[in-house]
Novice: 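Here it is: the structure, laid out below.
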Protein chains: 4
Amino acid sequence: MAGSVNKVILVGNLGADPDVKRMSSGDPVVNLSVATSESWRDKASGERKERTEWHRVVIFNDQLAKVAEQYLKKGAKVYLEGALQTRKWQDQNGQDKYTTEIVLQRYRGELQMLDGRNERDGGGYQGGQSGGGQQRSVSNDSGYGGGNQGGNQGGQSSGGGDFSRDMDDEIPF
Amino acid sequence: MAGSVNKVILVGNLGADPDVKRMSSGDPVVNLSVATSESWRDKASGERKERTEWHRVVIFNDQLAKVAEQYLKKGAKVYLEGALQTRKWQDQNGQDKYTTEIVLQRYRGELQMLDGRNERDGGGYQGGQSGGGQQRSVSNDSGYGGGNQGGNQGGQSSGGGDFSRDMDDEIPF
Amino acid sequence: MAGSVNKVILVGNLGADPDVKRMSSGDPVVNLSVATSESWRDKASGERKERTEWHRVVIFNDQLAKVAEQYLKKGAKVYLEGALQTRKWQDQNGQDKYTTEIVLQRYRGELQMLDGRNERDGGGYQGGQSGGGQQRSVSNDSGYGGGNQGGNQGGQSSGGGDFSRDMDDEIPF
Amino acid sequence: MAGSVNKVILVGNLGADPDVKRMSSGDPVVNLSVATSESWRDKASGERKERTEWHRVVIFNDQLAKVAEQYLKKGAKVYLEGALQTRKWQDQNGQDKYTTEIVLQRYRGELQMLDGRNERDGGGYQGGQSGGGQQRSVSNDSGYGGGNQGGNQGGQSSGGGDFSRDMDDEIPF
DNA sequence: TTTT
DNA sequence: TTTT
């Protein structure tokens with residue numbers, strides 16, 4: 001208890017399909033790899049520069065995890081809100097490693113799909129899902145919309161093949 | 001100076017095309033009407049409820065204003081960040097009125113277009129713009145991407161006719 | 001239309017003690033008046049300018065409302081997070097009025113007291129609270145994290161001597 | 001891929017005095033170590049639990065860096081806003097390491113001191129600063145708002161006696 | 001009505 | 001390493 005705030009807000013694209021694991025309790029845990037990028041014009045050279053940042057996101061929350069599992073795909077654009085958490089672990093050589101993640105927990109996190117509306121005509125990421133109910137806005141709240149929103153938007157969207165391919169190559173973890 | 005923070009973050013859709021005015025200085029001022037909505041299942045009735053909130057957004061910033069003017073259209077989905085400000089004014093009867101707006105100012109605000117990517121094939125809001133460079137991410141910063149980002153995304157998107165029509169009907173200001 | 005976000009983040013001071021009302025259900029509703037201010041040096045005149053903004057905050061949430069009622073006083077500095085909501089109402093002359101408020105609801109809002117540390121020695125804002133327990137951080141969640149916070153990730157968030165030592169040794173700046 | 005947002009908001013305490021370095025350009029770079037903590041009551045055991053998270057913050061910005069250097073001390077409570085960035089580096093054994101930091105850059109970040117009010121009487125964190133001027137709110141903007149803040153909107157932000165009176169009279173709750 |  |  002210390003009057004503190006630990007909040008991360010991201011709008012970015014998934015570099016891969018959600019990675020779903022089960023905890024010993026059976027609860028799902030979903031890992032996402034989310035890219036944000038910024039571009040600017042270099043003052044000196046006048047060149048256009050771009051920098052992509054990759055974020056590890058972990059969803060510890062039945063409800064959000066299920067939605068992520070069902071509705072998110074590689075390339076999807078999401079809004080998400082969580083907290084920073086750094087874990088220490090040892091690699092195979094016993095070396096200490098630290099990994100910083102954005103953690104979404106029950107009542108402490110939010111996840112919103114930001115695309116989907118315009119894909120009615122087909123589309124999809126890779127091999128195309130059927131669409132329908134793809135846009136899904138999920139408040140991390142069981143009584144306020146949680147998991148029940150959306151459904152009225154239709155399709156969903158992709159980053160296009162190039163984007164996805166590039167992502168595979170570049171993800172640093 | 002008081003260690004204070006006044007920040008609004010919205011992800012929503014434009015209910016109308018941007019409204020551009022000129023100040024006496026010639027600088028553009030852009031007003032946006034942005035809808036956010038949430039839906040939830042009513043516990044008692046089991047019905048699905050939805051509530052839309054309309055936000056008045058004012059952009060006092062050459063750069064952002066220009067981008068808004070050029071790239072935003074009715075139905076566009078945006079991420080924006082600004083500050084709350086309440087103005088007092090008198091109506092024609094001399095009655096005091098208060099209007100609360102989200103103000104984006106130079107170095108104090110951000111605006112990002114969140115759709116557009118998947119519209120390469122045409123689409124558009126109403127009468128269709130040509131697309132190209134429609135997705136535009138704008139940092140409110142002249143040296144970090146400001147106004148120069150994007151361009152690589154292609155089309156842009158709409159909320160579809162229904163959405164737009166409904167909006168016209170419902171905007172309460 | 002989903003995939004929307006409506007979020008306000010304020011750090012400011014209470015202009016008055018919390019105003020507590022009861023709903024017909026008996027649940028408390030707390031209204032706060034929160035000031036944020038910003039100051040800057042006017043480029044033309046060189047003068048120091050200041051502008052204060054007043055925000056109406058409404059807490060619809062038993063837990064948060066109780067904490068606000070108990071721990072917040074005029075002058076208190078708070079961090080709070082809620083959603084914008086505009087209500088229409090009629091004044092005594094039947095004139096339409098709109099009031100925009102920052103609403104904190106269950107699972108949708110946060111409230112943190114940011115002072116208190118230095119009140120131990122007595123003090124307090126007005127007529128002095130007893131001290132002790134002044135700083136109060138309140139997540140809008142009745143049991144957030146619970147047993148799931150750390151343990152289920154098999155890691156730890158740094159801290160501890162090792163971490164510091166390692167960092168000193170290894171981080172190259 | 002544009003239309004992205006990468007934002008971190010922290011309210012926490014400095015675990016040490018700011019660490020100031022100079023870049024080859026002579027510009028200061030300030031590193032902060034910021035703690036956030038959360039506490040909750042464990043449902044099973046009923047015990048009070050606490051978890052502290054440490055954040056590495058890097059300030060690349062003359063103005064903010066100077067303020068941090070001058071006004072921040074171990075123990076200080078701050079509000080800060082920046083972007084996540086993960087750097088890869090090699091330790092002395094040639095092992096790859098990743099460090100995630102919250103980066104504050106020009107026009108992209110904010111820093112606010114949240115204590116100070118109660119330091120007038122001396123005190124201070126460690127060995128006492130002179131007091132006065134302790135609270136310092138710093139927008140990451142060399143002249144933000146400037147003459148454009150309020151005046152150009154022809155309004156005012158409420159405040160003032162009228163506002164309060166009107167409200168008392170008219171607001172129906 | 002706060003705070004600096 | 002902070003804070004409560």
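Values below: all heavy atoms of this structure, side chains included; hydrogens, waters and symmetry mates excluded. It should be emphasised that the depicted structure is a prediction, and the values quoted were computed from it without experimental measurement. Letters A, B, ... are given to chains in the order of the sequence lines, protein chains preceding strands, and every chain is numbered from 1.
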Novice: Side chain of C/Ala16 only, heavy atoms from C-beta on: which candidate in F/dT1, E/dT1, F/dT3 is closest?
Specialist: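 From the listed options, E/dT1 comes nearest.
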
Novice: For C/Leu114 and E/dT2, give me the distance from atom CG to atom C1', rounded to whole Å.
Specialist: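 Atom-to-atom, C/Leu114 to E/dT2, this comes out as 14 Å.
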
Novice: Rounding to an integer number of Å, can you tell me how far C/Leu32 CG sits from E/dT1 P?
Specialist: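 Rounded to the whole Å, the gap is 17 Å.
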
Novice: Suppose we screen for side-chain contact (heavy atoms from CB on, under 4.5 Å). Which residues come up paired with C/Thr100, at least two apart in sequence or across chains?
Specialist: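 Residues passing side-chain contact (heavy atoms from CB on, under 4.5 Å) with C/Thr100: B/Thr100, C/Leu84, C/Thr86.
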
Novice: Ignoring hydrogens and angles, does a donor from either the side chain of D/Thr52 or the base of F/dT2 sit under 3.5 Å from an acceptor on the other?
Specialist: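 When only heavy-atom distances are counted, D/Thr52 does reach the base of F/dT2 through a donor-acceptor pair under 3.5 Å.
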
Novice: Any sub-3.5 Å donor-acceptor pair from B/Lys7's side-chain atoms to C/Val11's backbone N or O?
Specialist: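 No, the answer is negative, given that no donor and acceptor are paired below the 3.5 Å cut-off.
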
Novice: How close or far is atom P of E/dT1 from atom NE2 of C/His55, stated in whole angstroms?
Specialist: 18 Å

Novice: Donor-acceptor pair under 3.5 Å: do we get one between C/Ser33's side chain and the base of E/dT1?
Specialist: yes

Novice: Measure from the side-chain heavy atoms of D/Lys74 and tell me the nearest of F/dT1, F/dT3, E/dT2.
Specialist: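 So the side chain of D/Lys74 is nearest to F/dT1.
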
Novice: How long is the line joining CG of D/Leu10 and P of F/dT3, in whole Å?
Specialist: 17 Å

Novice: Which whole-number value in Å describes the distance from C/Leu80 CG to E/dT2 P?
Specialist: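 Going from CG in C/Leu80 over to P in E/dT2 covers 18 Å.
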
Novice: Round to the nearest Å and state the distance from D/Asn13 atom CG to F/dT3 atom P.
Specialist: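 That distance rounds to 6 Å.
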
Novice: Does C/Lys66 have any salt bridge (charged side-chain N to carboxylate O under 4.0 Å, His left out) partners at least two apart in sequence or in another chain, and if so, which?
Specialist: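 Per chain and number, C/Lys66 pairs via salt bridge (charged side-chain N to carboxylate O under 4.0 Å, His left out) with C/Asp62.
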
Novice: Do we see C/Trp54 stacking on the base of E/dT2, given a limit of 5.5 Å between centres and 30° between planes?
Specialist: no

Novice: How many Å lie between CG on D/Leu14 and P on F/dT3, as a whole number?
Specialist: 10 Å

Novice: In Å and rounded to the nearest 0.5 Å, what is the CG to NE2 distance from C/Leu80 to C/His55?
Specialist: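 Interatomic distance, C/Leu80 CG to C/His55 NE2, rounded to 0.5 Å: 9.0 Å.
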
Novice: If I take atom CD in residue D/Glu50 and atom C1' in nucleotide F/dT3, what distance separates them, rounded to the nearest angstrom?
Specialist: 8 Å

